[in-house]
Amino acid sequence: MTENHAANCEISVAEEKELVTTRVISSSHSLVYEAWTKPEHLAQWWGPNGFTNTFLEFDLRPGGIWEFVMHGPDGVDYPNKNEFVEIGLERIVLRYLYDPHFQLTATFEALGGTTKLTMRQLFEDEAIFNAIKEIASLHTKENLDRLEAHLQKMSI
């Protein structure tokens, strides 16, 4: 992570089972939202460093399913399935349907030419949250780094 990313990224535990990550991204709200809602963009940046994605289903509507396989750099495939709970220009909420169960709420706040992105991951099980919160924090940082790199490509 570059120093610029570190200065604009804050990760904290808001509740006993919630990880909150906030980052100011140097891209417009509309571009950030497009990167989150268009599968051809989302597949390029979603996940930690070294991962690629194959999307099986992407139905962007409340009750719609987002199912995909993350391919790890070690050759292991990780199936993922989410249900969209809420879709709006300022907020996307999805529920992760595999273990560990959690709800992800992403909010997008336009700040002139930049966007404040806040991701809240609320886990169902406190013990699981405590066991994975450090790695989840690292992977969230990597995920947002990948988002910013993809946004730079989208801007060209």
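Since the model is a prediction, treat every value here as computed from it, not as a measurement.
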### Message
Looking at E124 and K17, is any side-chain nitrogen of the basic one under 4.0 Å from a carboxylate oxygen of the acidic one?
### Response
no

### Summary
Here the gap from R23 atom CZ to K141 atom NZ, rounded to the nearest 0.5 Å, amounts to 9.0 Å

## Note on the structure
Of L117, V32, I25, the one forming a side-chain contact (heavy atoms from CB on, under 4.5 Å) with E148 is I25

### Query
Between A35 and M154, what is the shortest heavy-atom contact and its length?
CB-SD, 3.9 Å

### Query
Nearest 0.5 Å, what's the CG-CG distance between L19 and L122?
10.5 Å

### Task
Give, for atom OG1 of T140 and atom CD1 of I135, the distance between the pair rounded to the nearest 0.5 Å.
10.0 Å

### Task
Treating Ile, Leu, Val, Met, Phe, Trp and Tyr as nodes and any side-chain heavy-atom pair under 4.5 angstrom as an edge, say whether I87 and L89 lie in one connected cluster.
yes

### Query
Residues in side chain to side chain donor-acceptor pair (under 3.5 Å) with T37, at least two apart?
none

### Query
Do you know which two heavy atoms are closest between Y33 and I92, and how far apart they sit?
CE1-CD1, 4.0 Å

### Message
Parallel, tilted or perpendicular, judged at 30° and 60°: which one describes the rings of W66 and W46?
### Response
perpendicular

### Exercise: identify the closest heavy-atom pair between F123 and P100
CE2-CG, 4.1 Å

### Shared hydrophobic cluster for W45 and V69 (ILVMFWY, side-chain gaps under 4.5 Å)
no

### Query
Can T115 and E109 be counted as having a side-chain donor-acceptor contact under 3.5 angstrom?
no

### Query
What distance do E142 atom CD and L144 atom CG have between them, rounded to the nearest 0.5 Å?
10.5 Å

### N53 to L42 - nearest heavy-atom pair and separation
ND2-O, 4.4 Å

### Query
Given W36, which of F108, F84, F58 fulfils the ring-ring contact (aromatic ring centres under 6.0 Å, His included) condition?
F108

### Query
Linking I/L/V/M/F/W/Y whenever any side-chain heavy atoms sit under 4.5 Å apart, do L97 and F129 land together?
no

### Task
Just jot down the ring-ring contact (aromatic ring centres under 6.0 Å, His included) partners of H41, sequence neighbours excluded, or say none.
H150

## Note on the structure
Correct closest heavy-atom pair for A110 and H29 would be CB-CB, 3.8 Å

#### Entry: Close side-chain approach of L104 to R120, heavy-atom, < 4.5 Å
no

### Summary
Applying ring-ring contact (aromatic ring centres under 6.0 Å, His included) to Y96 and not counting sequence neighbours gives F102

### Query
Linking I/L/V/M/F/W/Y whenever any side-chain heavy atoms sit under 4.5 Å apart, do V76 and F51 land together?
yes

### Task
Decide yes or no for V20 and T118: does some side-chain heavy atom of the first lie under 4.5 Å from some side-chain heavy atom of the second?
yes

### Query
Got a second to check how far T105's OG1 is from R91's CZ, nearest 0.5 Å?
5.0 Å

### Query
How many angstroms lie between atom OG of S27 and atom CG of L147, to the nearest 0.5 angstrom?
7.5 Å

### Message
For E86, I'd like to know if atom CD has over 12 heavy atoms of other residues, nucleotides or ligands within 6.0 Å.
### Response
yes

### Query
Quick check: does any side chain N or O of N143 sit under 3.5 Å from a backbone N or O of H139, one acting as donor and the other as acceptor?
no

### Task
Could you please spell out the steps behind the side chain to side chain contact (heavy atoms under 4.5 Å, CB included) verdict for V85 and L94?
CA-CA 5 Å; V85 176; L94 58 87; 5.6 Å; no

### Query
Between F68 and F55, how do the two ring planes meet: parallel, tilted or perpendicular, split at 30° and 60°?
tilted

### Query
What are the two closest non-hydrogen atoms of Y98 and P79, and how far apart are they?
CD1-O, 3.4 Å

### Task
Step by step, work out the side chain to side chain contact (heavy atoms under 4.5 Å, CB included) result for R95 and N82.
CA-CA 5 Å; R95 185 177 306 114; N82 300 283; over 6 Å; no

